[in-house]
Student: 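Please find one structure pasted underneath; my questions will follow.
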Amino acid sequence: MPSSTAETVVVGMSGGVDSSVSAALLLEQGYNVIGLFMKNWEDDDDDECGAAEDLADAQAVCEVLDIPLKTVNFSFEYWERVFTGFLKDLERGKTPNPDIICNVEIKFREFPLWAMKLGADYVATGHYARIDHSNGTLNLLKGIDRDKDQTYFLYGLKTDALQKAIFPIGFMTKEQVRSKAREFGFENHDKKGSTGICFIGRRNFRSFVRRYLKSTEGSITDPEGEVLGKHEGAFLYTIGQRTGLGIGGPGDAWYVASKDVMSNTLVAVQGHDHPLLYSRQADISNLTWISMKYRLPYPARAKVRYRGEEQNCLICHSQDQGYFVEFEQPVRAVTPGQSIVFYEDEICLGGAVIEATRS
RNA sequence: UGGGGUGUAGCCAAGCGGUAAGGCACCGGAUUUUGAUUCCGGCAUACCCAGGUUCGAAUCCUGGCACCCCAG
């Protein structure tokens, strides 16, 4: 029984192992724990069972732990603040990352607001990340499990959003989380990790997007303009992509090197490491720092996509009040719309959105 | 209709008498809270067609057919 003086923490529970173990750990640590299941997407048709199963899993875990599970529906907020922007970016030829916005707008804005109304002192999620409060400033640190580190998705959060956040599994490996789940007797200890857009789930990207955006066929050409084949709509593809181009024939595989939604054209090149797939510079926008502003130019390590390799780079001011990044080595598939996240050793400094690239 | 060449999966392409390499595309899976990348697996009872020779042919022979090239 939680004592009346214990602090209360609301845990966002997805039904997966990570958030389940997070809740259990908080309980062990003496918190008064409340589970929250967020439903942020109204399924238009199929896949309804996926969310229902997840809810059932979350319920099962909460029963084992003997904690209450509440549900909330942020579909409206998600649609308005995450999904519409996602579609708009796609139309503009970008490759947006909705999960990053989702964290800023939903998981670390709506969710905490809701939790605080319930009288929570803290909110927690099952992210592989750590928060360091020592030496006066708050720092977002990579998860101990470098292979699972999820700070890439969290770079848009500022100090105030993280102040009341707890990441209980940030100091654990996935392996440890799973065995902990077994210890607790969670049925979902072996559950496969979820993939796909957060809350929307795993889907065929192209057919999913085409439910919302009208697409028209266009041509795929090589850099010289020679037509190689056709695509289903330029905005359905991303830079560096190989799958779905349908270009057979002699030689190596083909990859998307650039796209132009105005002319609805895709330019493809042959070979995973074709020079046209590499960029040395990128214009960036919406630069945000988590806890500290750094004087530019500032040297940092940067990830251009989740699970990408960290690259040495220099963050700079550009002539027009904007910013750009210069990489020490050319980086493959730097893609407008994707985020570039900056690091210094363990610390996630912040990040920005890639606007344009230069070789 | 004189000469030469080529016909192997959707596309390239090995094979040269001993029972169909490989790559691209595609499909499935693994990895992955974006879209990708990457990795693993699958993918021609069948080699343009019809005969023939051989224990045995995609591989040799004969005859067709198709396409290409050079001459006309």
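Here is how names work: the chains are called A, B, and so on, in the same order as the sequence lines, proteins then strands, and each is numbered from 1. Remember, predicted model here, so these are calculated numbers, not experimental data.
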Student: Is it the case that the side chains of A/His127 and A/Asp18 hold a donor-acceptor pair, with the cut-off being a distance below 3.5 Å and no angle test?
Tutor: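 There is no such pair (donor and acceptor under 3.5 Å, judged by atom type) between the side chains of A/Asp18 and A/His127.
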Student: Would you mind reading off the distance between A/Leu154 atom CG and B/U34 atom P, rounded to a whole angstrom?
Tutor: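 Rounded to the whole Å, the gap is 13 Å.
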Student: Ignoring the backbone of A/His127, work out which of B/U33, B/U32, B/U34 is nearest its side chain.
Tutor: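 Closest nucleotide among those given: B/U33.
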Student: Please check this pair: side chain of A/Arg280 against backbone of A/Glu328, looking for a donor-acceptor N/O pair closer than 3.5 Å.
Tutor: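 The answer is yes, because a donor-acceptor pair under 3.5 Å joins these two groups.
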Student: Which whole-number value in Å describes the distance from A/Arg206 CZ to B/U34 P?
Tutor: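 Going from A/Arg206 (CZ) to B/U34 (P), I get 17 Å.
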Student: Closer than 3.5 angstrom, by distance alone: can the side chain of A/Asn32 be matched with the main-chain N or O of A/Glu7 as a donor-acceptor pair?
Tutor: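 Checking the backbone N and O of A/Glu7 against the side chain of A/Asn32, no donor-acceptor pair under 3.5 Å is found.
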Student: 5'-most contact on RNA chain B: A/Asn97 or A/Pro250, nearest heavy atom basis?
Tutor: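 Final value for this comparison: A/Pro250.
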Student: Distance check, P atoms only: B/G42 and B/A20, in whole angstrom units.
Tutor: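 Looking at atom P only, B/G42 and B/A20 are 16 Å apart.
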Student: Just checking, A/Arg92 and A/Phe235: is the charged tip under 6.0 Å from the six-membered ring centre and within 45° of the axis?
Tutor: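 No - A/Arg92 does not lie over the ring of A/Phe235 by the 6.0 Å and 45° rule.
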Student: Can A/Asp57 and A/Lys191 be counted as an ion pair, charged N to O under 4.0 angstrom?
Tutor: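 Answer for the salt bridge query: yes.
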Student: Which value, in whole Å, describes the distance between the P atoms of nucleotides B/U59 and B/G17?
Tutor: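 Here B/U59 and B/G17 have their P atoms 11 Å from each other.
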Student: Distance between the P atoms of B/C68 and B/U62, in whole angstroms?
Tutor: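 Taking atom P in both B/C68 and B/U62, they lie 25 Å apart.
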Student: Would you mind classifying the nucleic acid contact of A/Asn103 as base, sugar-phosphate or nothing, using non-hydrogen atoms under 4.0 angstrom?
Tutor: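 It contacts base atoms.
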Student: Whether the side chain of A/Asp132 engages the backbone of A/Asn139 through a donor-acceptor N/O pair (distance < 3.5 Å, no angle test) should be reported.
Tutor: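 Not a single qualifying donor-acceptor pair exists.
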Student: Can you tell me the Watson-Crick or wobble partner of B/G2, both distances under 3.5 angstrom?
Tutor: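 B/C70 is the nucleotide pairing with B/G2.
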Student: Against the six-membered ring of A/Tyr128, is A/Lys174 placed for a cation-pi contact (under 6.0 Å from the centre, within 45° of the normal)?
Tutor: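 No, cation not above the ring by the 6.0 Å, 45° rule.
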Student: When the distance from CG of A/Asn204 to C1' of B/U32 is rounded to whole Å, what number comes out?
Tutor: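 Between C1' of B/U32 and CG of A/Asn204: 16 Å.
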Student: Where the side chain of A/Arg332 is defined as all heavy atoms beyond and including C-beta, which of B/U32, B/U34, B/U37 is the nearest nucleotide?
Tutor: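 For the A/Arg332 side chain, the nearest candidate turns out to be B/U37.
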Student: Ignoring backbone atoms, test whether A/Tyr255 places a side-chain nitrogen or oxygen under 4.0 Å from the OP1 or OP2 oxygen of B/U37.
Tutor: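 Answer no for this pair, as no side-chain N or O of A/Tyr255 is under 4.0 Å from OP1 or OP2.
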Student: Using atom P of each nucleotide, how far apart are B/C60 and B/U1 to the nearest Å?
Tutor: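 About 29 Å, rounded to a whole number of Å.
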Student: I want to verify a distance call: between B/U37, B/U32, B/C24, whose nearest atom is closest to the A/Ala253 side chain?
Tutor: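 Among B/U37, B/U32, B/C24, the one nearest the side chain of A/Ala253 is B/C24.
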Student: Determine the interatomic distance between C1' on B/G23 and the same-named atom on B/G5; round to the nearest Å.
Tutor: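 Each nucleotide's C1' atom is 25 Å from the other's.
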Student: To the nearest 0.5 angstrom, please state how far the CE atom of A/Met13 sits from the CG atom of A/Asp54.
Tutor: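 So the gap between those two atoms works out to 11.5 Å.
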Student: When both hydrogen-bonding distances must be under 3.5 Å and the geometry is Watson-Crick or G-U wobble, what is B/A30 paired with, if anything?
Tutor: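 The base-pairing partner of B/A30, which may sit in any strand shown, is B/U38.
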Student: Quantified in whole Å, what is the C1' atom distance between nucleotide B/A44 and nucleotide B/G10?
Tutor: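 That atom pair is separated by 12 Å.
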Student: When the C1' atoms of B/G41 and B/C48 are considered, how many whole Å apart are they?
Tutor: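 Approximately 32 Å lies between the C1' atom of B/G41 and that of B/C48.
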Student: Quantified in whole Å, what is the P atom distance between nucleotide B/U54 and nucleotide B/C43?
Tutor: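 Per the computed distance, 36 Å lies between those P atoms.
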Student: Is the phosphate of B/U33 approached by A/Lys107 (side-chain N or O, under 4.0 Å from OP1 or OP2)?
Tutor: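 For B/U33, OP1/OP2 do not have a side-chain N/O of A/Lys107 under 4.0 Å.
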Student: Once you round to the nearest 0.5 Å, how far does NZ of A/Lys303 lie from OH of A/Tyr152?
Tutor: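 The OH atom of A/Tyr152 is 8.5 Å from NZ of A/Lys303, to the nearest 0.5 Å.
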Student: Under 4.0 Å between a side-chain N or O of A/Lys94 and OP1 or OP2 of B/U34?
Tutor: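 For B/U34, neither OP1 nor OP2 has a side-chain N or O of A/Lys94 closer than 4.0 Å.
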Student: What residues in residues 219-248 of chain A put a non-hydrogen atom under 4.0 Å from any atom of RNA chain B?
Tutor: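 Heavy-atom contacts with RNA chain B come from A/Thr238, A/Gly240, A/Gln241, A/Arg242, A/Thr243, A/Gly244, A/Leu245, A/Gly246, A/Ile247, A/Gly248.
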Student: Nearest heavy atom decides the nucleotide; on that basis, is A/Gly249 or A/Phe86 closer to the 5' end of RNA chain B?
Tutor: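 In this pair, the answer is A/Gly249.
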Student: Mind calculating the distance between CG (A/Asp99) and P (B/U34) to the nearest angstrom?
Tutor: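 Going from A/Asp99 (CG) to B/U34 (P), I get 6 Å.
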Student: Base, sugar-phosphate alone, or nothing: which one does A/Gln338 contact when heavy atoms must sit under 4.0 Å apart?
Tutor: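 If one applies the 4.0 Å heavy-atom cut-off, A/Gln338 turns out to touch a base.
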Student: Distance check needed: B/A36 P versus A/Phe153 CZ, whole Å only.
Tutor: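 After rounding, the gap between these two atoms is 13 Å.
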Student: To the nearest Å, give me how far apart CG (A/Asp273) and P (B/U38) are.
Tutor: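 The answer, rounded to whole Å, is 9 Å.
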Student: What nucleic acid atoms does A/Phe205 come within less than 4.0 Å of, heavy atoms only: base, sugar-phosphate, or nothing?
Tutor: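 Since only primed, P, OP1 and OP2 atoms lie under 4.0 Å of A/Phe205, the category is sugar-phosphate.
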Student: Send over the distance from A/Asp147 CG to B/U31 C1', rounded to a whole Å.
Tutor: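 Whole-Å distance recorded here is 9 Å.
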Student: In whole angstrom, give the distance that lies between atom NE2 of A/His272 and atom P of B/C39.
Tutor: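 Going from A/His272 (NE2) to B/C39 (P), I get 8 Å.
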